[in-house]
Amino acid sequence: MRAIEVTDVFKTYRTRSGSVEALKGVSLHVEKGDIFGVIGHSGSGKSTLIRCINRLEKFDRGSIFVGGSDLMSLSEKELRQKRQKIGMIFQQFHLLRNDSVYGNVLLPLTYAGSGKAAAAEKADRLLTRVGLREKRGAYPSQLSGGQQQRVAIARALANDPEILLCDEATSALDPDTTHSILALLKELNQELQLTVLIITHEMAVVKDICSNVAVLDGGKIVEQGKTLEMFTNPRHSVTKQFANSLFEQDKIKEVLLGEYVKKVIGSGGLVARLIFKGEKANDALISDVSRRFGIDASIIFGNIEIIQSQPLGNLYVAFSGPADRIAEAVDYAAAQGVLVQRVAENAERR
């Protein structure tokens with residue numbers, strides 16, 4: 001049984017100015033214990049999707065099963081009980097401003113009917129787990145954004161959820177704080193076998209924590225799969241945009257217009273983009289190719305990102321030398337499991 005099954009879900013909002021189709025046949029499956037990301041630009045339908053998953057929004061047609069239960073078939077009482085096993089954290093934290101850190105975490109325990117002593121012990125334990133035991137008497141306004149989100153996470157864990165939904169949970173945080181929150185979520189996923197669904201527009205979130213990802217655009221899932229594979233060889237234009245932002249592709253445009261590249265192309269050379277993954281990202285392939293085929297191979301731009309603990313390399317290489325040897329070198333690189341994309345070459349070579 002999967003943790004979350006969304007099948008052919010449609011959602012349309014009716015407004016005075018007309019109808020807005022927010023979701024158009026969305027389907028995705030999240031396995032138990034997975035950290036699954038849904039990434040998309042603003043207006044793509046991300047927040048609508050997560051609100052349908054926890055039944056804060058009713059969808060028009062399709063089906064959503066959470067923990068094996070069809071949410072649309074549940075009574076109000078059954079839905080309240082089911083939601084106790086679905087934790088939720090938000091971009092703006094949604095803490096009670098006039099209650100202390102301790103009181104915010106205690107509230108769902110009290111609401112669920114926990115005994116006073118048991119609730120107090122658990123609230124303290126959860127605050128200790130998220131690193132805020134010493135802040136139990138503070139108020140949200142006295143905390144940093146990262147600390148407020150840690151309180152929100154502790155509160156979301158109060159009823160021992162099986163699934164944690166995160167709606168742009170790091171968007172209001174700086175990069176270092178984002179990294180620490182993601183590290184905490186990953187630890188909780190492993191310790192508690194907690195299924196985590198993350199809605200985001202940030203590539204940094206997806207690459208750091210998500211094992212699988214779906215790309216949402218215009219209310220539709222346009223591509224989904226293993227995170228490393230998705231950003232090694234993206235197929236849809238929106239996925240390519242996100243992958244390009246990961247690899248800072250905008251910087252290569254100026255390099256490709258430079259005099260060195262023009263000289264390489266003018267002499268019959270080739271500029272290719274090489275994408276390495278896993279162990280290949282650490283191999284000395286460029287020097288190996290240069291020696292093996294007797295050509296010059298110069299790196300003109302490149303970087304390496306870590307996705308799901310796996311290195312993913314992105315190199316732009318200028319090859320100079322006899323055309324037949326360059327062709328052999330490119331074929332050799334491809335045979336080593338490297339994705340080769342021709343970027344610039346003399347028209348006569350094509």
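Quick caveat, the model's predicted, so the values are computed rather than measured. One-based numbering along the sequence shown.
Transitive grouping of hydrophobic side chains (ILVMFWY, heavy atoms separated by less than 4.5 Å) keeps Phe10 and Phe59 in distinct clusters. Linking Ile, Leu, Val, Met, Phe, Trp and Tyr whenever their side-chain heavy atoms come within less than 4.5 Å leaves Leu106 and Tyr139 in two separate clusters. Side-chain heavy atoms closer than 4.5 Å link hydrophobic residues (I, L, V, M, F, W, Y) into clusters, and following such links, even through other members, never connects Met203 to Val38. Cluster annotation: Val271 is connected to Phe301 through the hydrophobic network of ILVMFWY side chains, with a link wherever side-chain heavy atoms come within less than 4.5 Å. Criterion: ILVMFWY side-chain heavy atoms under 4.5 Å apart, direct or through other members. Under it, Leu315 and Tyr332 are part of a common hydrophobic cluster.
If you take NZ on Lys220 and OG on Ser27, they are separated by 12.5 Å, rounding to the nearest 0.5 Å.
Tested against Thr170 for a side-chain hydrogen bond (donor to acceptor under 3.5 Å, both in side chains), the candidates Gln91, Gln149, Glu202 yield a single pass: Glu202.
Annotation: ring-ring contact (aromatic ring centres under 6.0 Å, His included) contacts involving residues 68-95, sequence neighbours excluded, comprise Phe90-His94.
Atom NZ of Lys263 has 12 or fewer neighbouring heavy atoms from other residues, nucleotides or ligands inside a 6.0 Å radius. In the displayed structure, His29 atom NE2 is contacted under 6.0 Å by more than 12 heavy atoms of other residues, nucleotides or ligands. At most 12 non-hydrogen atoms from other residues, nucleotides or ligands lie less than 6.0 angstrom from NZ of Lys135. Around atom CZ of Arg133, more than 12 heavy atoms belonging to other residues, nucleotides or ligands sit under 6.0 Å away.
With sequence neighbours excluded, no residue forms a side-chain hydrogen bond (donor to acceptor under 3.5 Å, both in side chains) with Gln224.
Here the closest heavy-atom approach between residue Leu185 and residue Cys166 is recorded as CD1-SG, 4.3 Å.
Side-chain atoms of Arg273 and Asn314 include a donor-acceptor pair closer than 3.5 Å.
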